[in-house]
Amino acid sequence: MRARGEPLPLDFQSLLAALPTLTLPEDGLKGPGRPESGAQPFLHHREALWKRVLCAWRDGGLCGLLKEIVSAEEEGLQWAKTALSCVLTACRWLSSLHGSLLPHLSLTSEDMIAAFSQAVDWAGCSVRAFAWHPHTSKFAVALLDDSVRVYNSSSATIPSLKHRLQRNVAAVAWKPLCASILAVACQSCVLVWHLDPTSLSTRPSSGCAQVLSYPGHSPVTSLAWAPSGKLLLSASPVDTAMLVWDVSTENCVQLQWFGGGGVTFLAWSPDGSKVLAATPSAVFKVWEAQMWTCEKWPTIKGRCQTGCWSPDGSRLLFTVLGESVIYSLSFSEYRGDMQGQVGGSKTASIVADLSETTFETPYGEERIGGAVQSMVWDPTGERLAVIIRGDPSAVGTQTVVAVFRIRNSPVFELLPCGFLRGEQSAEPQLIAFHPCFEKGALLTVCWSTGTISHIPFFFLSSRVPYSSPGRSPAVVTASSSVREQPLFSEL
């Protein structure tokens, strides 16, 4: 156990020296402006009706198109406006009926993104989304002011990506097997930035961004690239279809699945065989990525909040909104005539109970436990990090990151490792593992204060033999009451 404040051995310090530890305070980021009522200082140039209708169809679907035509000031459309106003009234009535069955549809776009984001406080934190590049020490950060910054350990240049359609960013995702293509989930579309890694420009032109939009598919709350980089998935809570994009042609295919009320969260398994698709309702789906068939699993109390895959795609860990337990589903690999089936187990097993409990530590009594906000599984398959939200109504509870050691083969075991807690008033918002850390696992934590820190876990992986230059210190101080016994074992 490494004492708090004790420096790392010199051999390990070099691994972290190039990684930037950032602080992006909310005060230094101006949020997106809102249109103010009253007279405008400049006259607005009114576009042609067909252009406005096309834009309304893209942003608001059928209702948006009808609303634009009904409110048009052009002459000669009175008969059409009268007829379409009746259609618009019927659409609004159907929409209100639909909203009573699916309450999330009555939320504004901002509230909907905040409700389904993996961030603890998407609306109030300066960091809204984070993603490591899958092959290098480079990461992208989406900020409160709707900009996206790219930090590279080997370059002092920090590109800042801005676009007129880049509003209310919910997620960012790097394209695998590619140097600098970044997908950004926005309110009305998906922007795919093509960045030149050798450029010294800090403000790439908006012409570097592809716009991928589809009627009724907004806001976009989740993205997932295929591990091969050939396909991009996007999801919206208001669209029951998950879109599969071929970015090179800007064409998409709808994977329609009626029921659930939309798609809120996506996770493509690292082996490329399966996709988790969570919905706003008490059901989630797992798609098989060859024939694109799917199986569904109902939950008892609420929707699937988050999930992550083992590196080989054989196991899915997921949580349910408001519950303090982690569930596990195992999957079989089918070949021959059985190929194309999802192959998931019929029922899920509870592998961890994270209900609130009290620990006696050298620093005092700690109350930890609650519902799970997000989870990430490191690429070696041996560490799991979980953001546990404290109960806001209970005194003394706090939001922390719990870390577990995992063994997935020959049997699955989950062993508590310790907790990560921020400085005073700092709470974890987002977590992500570095995809190619050499000496174990590197966890990045985005805090509510705007700080982005990197916490290393040095260990010898059972999957890949590493030559350790020295001792392997533990960097997380575990509670003295946490015993070395698994929370769950298939034995």
Side-chain angles (χ1 to χ4, degrees), residues 20-37 40 59 107-133 138-152 155-174 180-195 199-213 218-223 234 236 422 425-432 444-453:
T21 298
L22 309 174
T23 300
L24 304 166
E26 185 177 347
D27 296 341
L29 300 171
K30 184 179 179 181
R34 296 180 179 273
E36 298 179 359
S37 59
Q40 299 296 326
D59 293 341
L107 299 175
T108 64
S109 293
E110 291 84 353
D111 291 340
M112 194 178 297
I113 295 171
F116 299 117
S117 171
Q118 292 294 288
V120 174
D121 182 15
W122 177 87
C125 184
S126 57
V127 179
R128 289 185 159 181
F130 179 94
W132 276 107
H133 191 282
K138 176 168 62 177
F139 59 80
V141 183
L143 303 176
L144 180 65
D145 62 355
D146 287 335
S147 67
V148 175
R149 298 182 189 176
V150 177
Y151 294 87
N152 193 334
S155 173
T157 303
I158 304 174
S160 180
L161 313 180
K162 294 186 178 182
H163 194 282
R164 64 181 181 85
L165 297 178
Q166 192 168 281
R167 293 176 291 134
N168 294 326
V169 176
V172 291
W174 292 98
S180 292
I181 294 182
L182 177 70
V184 181
C186 308
Q187 178 170 314
S188 61
C189 64
V190 177
L191 291 178
V192 181
W193 288 91
H194 297 256
L195 307 175
S199 173
L200 299 178
S201 173
T202 59
R203 283 294 304 273
S205 165
S206 59
C208 298
Q210 281 180 276
V211 180
L212 306 179
S213 63
S218 66
V220 182
T221 57
S222 188
L223 298 170
S234 65
S236 172
S425 75
E427 293 189 341
Q429 296 292 308
L430 293 161
I431 50 177
T444 298
V445 183
C446 303
W447 302 93
S448 58
T449 55
T451 299
I452 299 176
S453 58

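Below, each value reflects all heavy atoms present in this structure, side chains not excepted, and no hydrogens, waters or symmetry copies.
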For the residue pair [X] and [Y], what are the closest heavy atoms and their distance?
| X | Y | result |
| --- | --- | --- |
| Thr157 | Pro159 | O-CD, 3.4 Å |
| Val445 | Pro428 | CG1-CB, 3.9 Å |
| Ala123 | Leu144 | O-CD1, 3.9 Å |
| Ala183 | Val190 | CB-CG1, 4.4 Å |
| Lys162 | Trp193 | O-CH2, 3.3 Å |
| Ser448 | Ser425 | OG-O, 3.5 Å |

Hey, is the main chain of [Y] close enough, under 3.5 Å, to the side chain of [X] for a donor-acceptor pair?
| X | Y | result |
| --- | --- | --- |
| Asp146 | Asn168 | yes |
| Gln187 | Ser109 | no |
| Ser126 | Leu24 | yes |
| Trp122 | Ile113 | no |

Flag side-chain contact, heavy atom, 4.5 Å: [X] against [Y]:
| X | Y | answer |
| --- | --- | --- |
| Cys125 | Val120 | no |
| Val148 | Val141 | no |
| Ser234 | Ser222 | no |
| Ile452 | Cys446 | yes |
| Thr444 | Phe139 | no |
| Ile158 | Arg149 | yes |
| Leu165 | Cys186 | no |

Roughly how far, to the nearest 0.5 Å, is the [atom2] atom of [Y] from the [atom1] atom of [X]?
| X | Y | atom1 | atom2 | result |
| --- | --- | --- | --- | --- |
| Leu212 | Cys189 | CG | SG | 8.0 Å |
| Gln429 | Thr451 | CD | OG1 | 11.5 Å |
| Ile431 | Trp447 | CD1 | CH2 | 10.0 Å |
| Ser180 | Lys138 | OG | NZ | 3.0 Å |
| Arg164 | Ser188 | CZ | OG | 8.5 Å |
| Ser213 | Leu191 | OG | CG | 9.5 Å |

State which residues pass side-chain hydrogen bond (donor to acceptor under 3.5 Å, both in side chains) with [X]; sequence neighbours excluded, sorted by chain then number.
| X | value |
| --- | --- |
| Asp121 | none |
| Gln210 | His194, Glu250 |
| Thr221 | none |

Criterion side-chain contact (heavy atoms from CB on, under 4.5 Å) on Val127 and Leu143, from CA distance to verdict: CA-CA 5 Å; Val127 179; Leu143 303 176; 4.3 Å; yes
